[in-house]
Amino acid sequence: SLAPTWEKLAKTFAAQENVIIASVDLITDDADDELKAKYDIEAYPTLQWFTKDDKSGHRYWGEKDLSDLVALVNKETGSSRTLSGDLDHLAGVNDGCNAAAKAVHDSPTDENKKLLQQAVEAATKADGFDYSYYT
């Protein structure tokens, strides 16, 4: 049964406001036949992925263990959750800042000011994120 894994998946992303993990029981006698037809549900469990902008749904054919489902949600939403629901080591990482920091670390001191400015510029372009830096 997928139910225990699905419950764990919902708990994993419970703190993430842009993710909803839901289930619909279409096995019972009073199940919504129109819904089954709309999404071509013929076997159970059938997993569909929806976004807020696309309600047509996309069938998920991958593995149904927790680690694969967490990886799917992370990939589709840009999340960085671990199996326990904590943020992983990549959460909040800005690739532009990382590249500039590595360059500062690897470059001669006289270039560091320019590279620090590049890091600050990259951080300010990260919509919705607060940033800080140390000099």
Side-chain angles (χ1 to χ4, degrees):
S1 167
L2 184 61
T5 301
W6 203 249
E7 288 174 22
K8 289 176 187 172
L9 183 67
K11 287 179 184 174
T12 298
F13 289 93
Q16 192 115 3
E17 292 180 11
N18 67 330
V19 175
I20 298 170
I21 306 297
S23 64
V24 177
D25 185 355
L26 295 175
I27 296 175
T28 61
D29 291 336
D30 61 343
D32 187 339
D33 289 332
E34 188 177 318
L35 196 59
K36 285 188 219 179
K38 180 177 181 177
Y39 295 109
D40 194 29
I41 308 294
E42 296 178 1
Y44 303 100
T46 297
L47 302 183
Q48 296 279 127
W49 176 263
F50 298 88
T51 68
K52 72 177 186 175
D53 299 323
D54 181 5
K55 305 297 185 228
S56 63
H58 305 279
R59 183 73 47 95
Y60 172 71
W61 295 102
E63 295 296 321
K64 294 175 176 74
D65 60 68
L66 184 61
S67 61
D68 286 317
L69 293 171
V70 168
L72 168 73
V73 177
N74 280 335
K75 177 182 173 233
E76 294 292 336
T77 64
S79 302
S80 296
R81 297 281 171 188
T82 65
L83 297 181
S84 66
D86 295 328
L87 292 173
D88 71 13
H89 68 284
L90 297 176
V93 171
N94 178 290
D95 292 337
C97 289
N98 267 0
K102 182 175 181 347
V104 167
H105 181 270
D106 295 345
S107 70
T109 306
D110 57 343
E111 294 180 32
N112 285 353
K113 255 188 173 179
K114 178 182 172 188
L115 294 169
L116 177 59
Q117 184 59 37
Q118 289 175 354
V120 171
E121 288 171 12
T124 60
K125 291 178 185 175
D127 291 337
F129 291 98
D130 292 326
Y131 70 94
S132 60
Y133 63 94
Y134 301 91
T135 56

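Note that these values count all heavy atoms, side chains included, but never hydrogens, waters or copies made by symmetry.
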side-chain hydrogen bond (donor to acceptor under 3.5 Å, both in side chains) with [X]: which residues, sequence neighbours excluded?
X	answer
S56	D54
E7	none
T46	none
D86	S84

Shared hydrophobic cluster, L35 / Y44 (ILVMFWY, side-chain heavy atoms < 4.5 Å): yes
Joint hydrophobic cluster, L2 plus I41, side-chain heavy atoms closer than 4.5 Å: no
Roughly how far apart are [X] [atom1] and [Y] [atom2], rounded to 0.5 Å?
X	Y	atom1	atom2	result
W49	K75	CH2	NZ	10.0 Å
T51	H58	OG1	NE2	6.0 Å
N74	L69	CG	CG	11.0 Å
L47	L72	CG	CG	9.0 Å
S80	L87	OG	CG	7.0 Å
D32	D25	CG	CG	11.5 Å

Counting only heavy atoms from other residues, nucleotides and ligands, does the tally under 6.0 Å from [atom1] of [X] exceed 12?
X	atom1	value
K52	NZ	no
K64	NZ	yes
Q48	CD	yes

Side chain to side chain contact (heavy atoms under 4.5 Å, CB included) evaluation trace for K38 with E34: CA-CA 6 Å; K38 180 177 181 177; E34 188 177 318; 5.6 Å; no
Over all atoms of both residues, closest heavy-atom pair of D68 and Y60: CB-OH, 3.9 Å
Closest approach of T5 to L66 (non-hydrogen atoms, all atoms of both residues): CG2-N, 3.7 Å
Any donor-acceptor N/O pair, T12 side chain to L83 backbone, under 3.5 Å: yes
Heavy-atom donor-acceptor pair, R59 side chain to Y39 backbone, under 3.5 Å: yes
N/O donor to acceptor pairs below 3.5 angstrom from side-chain atoms of residues 16-24, sequence neighbours left out:
{"from": "Q16", "atom 1": "OE1", "to": "R81", "atom 2": "NE", "distance (Å)": "2.8"}
{"from": "Q16", "atom 1": "OE1", "to": "R81", "atom 2": "NH2", "distance (Å)": "3.3"}
{"from": "Q16", "atom 1": "NE2", "to": "N18", "atom 2": "OD1", "distance (Å)": "3.3"}
{"from": "Q16", "atom 1": "NE2", "to": "S79", "atom 2": "OG", "distance (Å)": "2.7"}

Side chain to side chain contact (heavy atoms under 4.5 Å, CB included) between D40 and E42, worked out: CA-CA 6 Å; D40 194 29; E42 296 178 1; 3.2 Å; yes
Salt bridge (Lys or Arg N to Asp or Glu O under 4.0 Å) partners for D33, two or more places apart: K36
